[in-house]
Novice: 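Sharing a structure with you now.
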Amino acid sequence: MTTESTTTNDFIDIPSASWNVLYTCRRLTLDEVKRYAESATGELLDVGCGRQPYRSLFQNLTRYQGVDTASSVHDLPPDTVVFDGETLPFEDNSFDCAIATEVFEHVKRPAALFAEIRRVLRPGGQLMLTVPFIQALHESPYDFRRPTPFWLQETLQAAGFDGIEIAALGSWHHSFAHFFGLYAWHCYKNNKFAYPLLALASIHRRLVWNRSRKSRFKPVDGQMCVGWSATAKRS
């Protein structure tokens, strides 16, 4: 649910893509969704689906259903079901799995929506989600939190999920690269320093990304990341 168009083409690892100041967080999210899509089967619910940028990654489904609010900043695909942001208009036990990418920072009552997702999942169904940790205000005024892993654990448990696994997206290195790009764009985009700063930010992002793939930039202490991913099951 970002304000910019988010398609899988935005993440292609080529120089032009790395100019996007959101490249680091989008690429980390994309890779996480790719991993989940490899094993996802049956009927999937995409909560806060926006333009459904990850739909093409899920090749083993019998159904892909997007749901979003009428206040979404995106042009929603015609098969998207519109809901009130809290009560999902589906029967109990309707889906085998669910995703919610960069959504729960925008939800007013996240515990209620978590409970609704659990309700519409079948026993053994799994939710996969991502949330930002370092990000500027976006989709204002519907931007309410930057979750921590402790918040995710507590809120998912309170909603009745178990088998919860939480992982950091990126490290201190990715976090600095992401923030540097945001800083250069928001503070100098209309300044004579814009081009050199944005060029430097782009080069730095690519350096961090390429080295991280070679395991040279490992998490330092687990205390800083660009965002978090989590999976949780309905028992």
Side-chain angles (χ1 to χ4, degrees), residues 1-2 6 29 32-132 139 142-145 147-167 227-235:
M1 296 176 71
T2 58
T6 309
T29 301
E32 198 68 14
V33 177
K34 279 182 175 179
R35 281 190 286 271
Y36 185 72
E38 290 176 356
S39 58
T41 58
E43 299 182 79
L44 179 142
L45 179 65
D46 185 349
V47 181
C49 65
R51 295 186 178 185
Q52 302 179 12
Y54 306 113
R55 185 168 187 161
S56 63
L57 301 178
F58 291 86
Q59 298 295 314
N60 301 312
L61 301 177
T62 57
R63 178 189 179 193
Y64 187 108
Q65 179 62 63
V67 60
D68 211 328
T69 64
S71 61
S72 173
V73 299
H74 302 287
D75 295 325
L76 302 178
D79 62 350
T80 301
V81 172
V82 176
F83 80 126
D84 63 5
E86 188 169 303
T87 303
L88 292 168
F90 305 105
E91 298 293 328
D92 296 358
N93 310 316
S94 294
F95 297 93
D96 299 291
C97 48
I99 61 171
T101 57
E102 312 298 281
V103 170
F104 275 91
E105 72 270 27
H106 302 294
V107 178
K108 285 187 176 180
R109 297 181 60 213
L113 184 53
F114 276 140
E116 275 291 281
I117 294 173
R118 183 186 180 280
R119 178 184 66 79
V120 302
L121 283 174
R122 297 179 178 121
Q126 187 178 64
L127 165 66
M128 177 268 175
L129 66 93
T130 66
V131 290
E139 297 194 22
Y142 304 106
D143 192 357
F144 303 115
R145 66 189 59 82
T148 67
F150 313 109
W151 182 91
L152 287 169
Q153 181 77 30
E154 181 178 285
T155 311
L156 285 166
Q157 282 183 335
F161 284 96
D162 56 21
I164 300 166
E165 297 184 5
I166 301 170
W228 304 95
S229 69
T231 56
K233 290 185 177 181
R234 175 187 173 178
S235 57

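Positions are given from 1 along the sequence.
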Novice: Look up atom CZ in Arg63 and atom CG in Leu45, then write down how far apart they are to the nearest 0.5 Å.
Specialist: 8.0 Å

Novice: Is there a side-chain contact between Asp96 and Thr41 (heavy atoms, below 4.5 Å)?
Specialist: no

Novice: Measuring only between side-chain heavy atoms, which start at C-beta, is Tyr36 closer than 4.5 Å to Ser229?
Specialist: no

Novice: I need the Cys97 SG to Leu61 CG distance, nearest 0.5 Å.
Specialist: 6.0 Å

Novice: In terms of ring plane angle, is the pair Phe90 and Phe95 parallel, tilted or perpendicular, where the classes change at 30° and 60°?
Specialist: perpendicular

Novice: Roughly how far, to the nearest 0.5 Å, is the CD atom of Glu38 from the CZ atom of Phe58?
Specialist: 10.5 Å

Novice: Is any side-chain heavy atom of Ile117 closer than 4.5 Å to a side-chain heavy atom of Phe161?
Specialist: yes

Novice: How long is the span from the OG1 atom in Thr155 to the CZ atom in Phe150, to the nearest 0.5 Å?
Specialist: 13.0 Å

Novice: Got Leu127 and Phe114 here, is their nearest side-chain heavy-atom distance under 4.5 Å?
Specialist: yes

Novice: What heavy-atom pair brings Val81 and Gln65 nearest, and what distance separates the two atoms?
Specialist: CG2-NE2, 3.3 Å

Novice: Ignoring hydrogens and geometry, is there a side-chain-to-backbone donor-acceptor pair from Arg55 to Cys49 under 3.5 Å?
Specialist: no

Novice: Strictly distance-based, threshold 3.5 Å: is any side-chain N or O of Arg234 a donor or acceptor partner for the main-chain N or O of Val120?
Specialist: no

Novice: Using a 6.0 Å cut-off, check whether atom CD of Glu165 has over 12 heavy atoms from anything other than its own residue.
Specialist: no

Novice: Do NZ/NE/NH1/NH2 and the carboxylate oxygens of Lys108 and Glu86 come within less than 4.0 Å?
Specialist: no

Novice: Is the shortest side-chain heavy-atom distance between Glu116 and Val47 below 4.5 Å?
Specialist: no

Novice: Determine, stepwise, if the pair Tyr142 / Thr69 fulfils side chain to side chain contact (heavy atoms under 4.5 Å, CB included).
Specialist: CA-CA 12 Å; Tyr142 304 106; Thr69 64; over 6 Å; no

Novice: Specify the closest pair of heavy atoms between Leu57 and Lys34, including all atoms of both residues, with the distance to one decimal.
Specialist: CD1-CG, 3.9 Å

Novice: So which heavy atom on Pro110 is nearest to which on Trp151, and how close?
Specialist: CG-CZ2, 3.4 Å

Novice: Check whether any side-chain heavy atom of Phe83 lies under 4.5 Å from a side-chain heavy atom of Leu113, and answer yes or no.
Specialist: yes

Novice: Are more than 12 heavy atoms, taken from residues, nucleotides or ligands other than Arg109, located less than 6.0 Å from that residue's CZ atom?
Specialist: no

Novice: Between Glu102 and Thr130, does any side-chain donor sit less than 3.5 Å from a side-chain acceptor?
Specialist: yes

Novice: Would you name the heavy atoms of Ile164 and Gln157 that are closest together and state the gap between them?
Specialist: CD1-CG, 3.5 Å

Novice: Rounded to the nearest 0.5 Å, what separates atom CG in Asn93 from atom CZ in Arg122?
Specialist: 7.5 Å

Novice: Output the distance between atom OG1 (Thr231) and atom CD1 (Ile99), rounded to the nearest 0.5 Å.
Specialist: 13.5 Å

Novice: Taking atom CG as the centre, does Asp92 end up with more than 12 heavy-atom neighbours from other residues, nucleotides or ligands that are less than 6.0 angstrom away?
Specialist: yes

Novice: Can you check side chain to side chain contact (heavy atoms under 4.5 Å, CB included) on Leu44 and Met128, steps first, answer last?
Specialist: CA-CA 11 Å; Leu44 179 142; Met128 177 268 175; over 6 Å; no

Novice: State, yes or no, whether a side-chain contact exists between Asp46 and Tyr54 at a heavy-atom distance under 4.5 Å.
Specialist: no

Novice: Using every non-hydrogen atom in the two residues, find where Ala230 and Leu156 come nearest and quote the distance to one decimal.
Specialist: CB-CD1, 4.4 Å

Novice: Does the pair Gln52 and Asp79 meet the rule for a side chain to side chain contact (heavy atoms under 4.5 Å, CB included), with working shown?
Specialist: CA-CA 10 Å; Gln52 302 179 12; Asp79 62 350; 3.4 Å; yes

Novice: On a heavy-atom basis, which atom in Leu129 and which in Val131 lie closest, and how many Å separate them?
Specialist: CD1-CG1, 3.9 Å

Novice: So, do Ser72 and Arg51 sit near enough that their side-chain heavy atoms are less than 4.5 Å apart?
Specialist: no

Novice: Is there a donor-acceptor pair under 3.5 Å between the side chain of Asp68 and the backbone N or O of Gly50?
Specialist: yes

